[in-house]
Amino acid sequence: VRRETIQAMLMGALLLAMPPSIMAAGSAEKATVGITRVYAHQTCSDATATAGVRVADTPAQAGHLWSLSRGRQVLGGGAEKRPPLDTVAERLIYLHMGARRTGGFRLDLASESANLVDKTLVIPVIWQEPSGGAIVTQMLTHPCLLLSVPRDTYKYERIEVVDEQGQVRLSAHLPKNTP
């Protein structure tokens, strides 16, 4: 019995020490994917009424997502310069809360890693809404978040955006021909 216990402990330690890519190769059920926050703001240029997810796989699509997030400033000033983005090595994911009637809304990345579970990329976010009776600015806001994810490390077919309480806030399927 003692020998079996020691073997089980060693096997558990070995599994914990394995990199996610090796774990994913043996079982495509769960892996960790690094994710980078490119841009986040409460007043993005996108005036879409409802919340959603968009994905860019080409330089033209990446440029479009940048223009939706901050291609032009909503409150004064000129256009911000787009950061260098490698659309060959990374995929851009644009998350937005839709049009909001007041301030107090915020969307941001909760962790620098996402989970890949059964071909679904689960992205943890901070999804903040003002509490009832809160004093907020009276203006239209459009909170958004632009993310970068390595393109060829893992394959996923669906994206789910999950808040701090584990509630799925947004979801989208990638087109079938997406590399």
Shortest non-hydrogen contact between Leu92 and Leu65, atoms and distance = O-CD1, 4.0 Å

ask   = Does any donor atom in the side chain of Ser171 or Arg158 lie under 3.5 Å from an acceptor atom in the other side chain?
value = yes

inquiry  = Nearest 0.5 Å, please: how far is OH in Tyr156 from CG in Leu174?
reply    = 6.0 Å

inquiry  = Tell me whether Arg100 forms a cation-pi arrangement with Phe105, defined as NZ or CZ under 6.0 Å from the six-membered ring centre and within 45 degrees of its axis.
reply    = yes

key: Closest heavy-atom pair and its distance - Ser113, Ile35   = N-CG2, 3.7 Å

request  = List the steps, then state whether side-chain contact (heavy atoms from CB on, under 4.5 Å) holds for Val161 with Val53.
outcome  = CA-CA 9 Å; Val161 178; Val53 178; 4.2 Å; yes

query = Going from CZ on Arg106 to SG on Cys144, what distance comes out if it is rounded to the nearest 0.5 angstrom?
reply = 13.0 Å

Rounded distance (nearest 0.5 Å) linking atom OG of Ser111 with atom CD1 of Ile123 = 11.0 Å

task = State, to 0.1 Å, how close Thr102 and Thr141 come at their nearest heavy-atom pair, and which atoms those are.
result = O-OG1, 2.9 Å

request  = Could you give me the CA-CA distance, side-chain angles and deciding distance for Tyr94 and Trp66, then say whether ring pair (Phe, Tyr, Trp, His ring centres under 6.0 Å) is met?
outcome  = CA-CA 9 Å; Tyr94 173 75; Trp66 174 251; over 10 Å; no

request  = Measure the spacing between OG of Ser148 and CZ of Arg37 and express it to the nearest 0.5 Å.
outcome  = 13.5 Å

query = Stepwise, does the side-chain contact (heavy atoms from CB on, under 4.5 Å) test hold for Thr48 with His96?
reply = CA-CA 9 Å; Thr48 305; His96 60 99; 3.8 Å; yes

ask   = Is there a side-chain contact between His64 and Arg54, using heavy atoms and a 4.5 Å cut-off?
value = yes

request  = Determine, step by step, whether Leu116 and Thr32 satisfy the side-chain contact (heavy atoms from CB on, under 4.5 Å) criterion, reporting the C-alpha distance in whole Å, the side-chain angles of both residues, the deciding distance to 0.1 Å, and the verdict.
outcome  = CA-CA 6 Å; Leu116 183 63; Thr32 302; over 6 Å; no

inquiry  = side-chain contact (heavy atoms from CB on, under 4.5 Å) for Ile93 and Ile159? Distances and angles first, verdict last.
reply    = CA-CA 9 Å; Ile93 300 174; Ile159 296 171; 3.8 Å; yes

Heavy-atom closest contact (Ala51 atom, Leu170 atom, distance) = CB-CD2, 3.5 Å

Pairwise side-chain contact, Met97 with Glu129, heavy-atom cut-off 4.5 Å (strictly under) = yes

Lys/Arg N to Asp/Glu carboxylate O, Arg169 vs Glu164, below 4.0 Å = no

key: Donor-acceptor under 3.5 Å (Asp163 side chain, Gln165 main chain)   = yes

ask   = Out of curiosity, Glu157 CD to Leu121 CG, how far, rounded to the nearest 0.5 Å?
value = 12.0 Å

task = Grab the two heavy atoms, one from Arg91 and one from Ala56, that are nearest each other, plus how far apart they are.
result = CG-O, 3.5 Å

Side chains of Thr120 and Glu160, donor plus acceptor under 3.5 Å = no

query = At their closest point, which heavy atom of Leu107 faces which heavy atom of Leu95, and how far apart are they?
reply = CD2-O, 3.7 Å

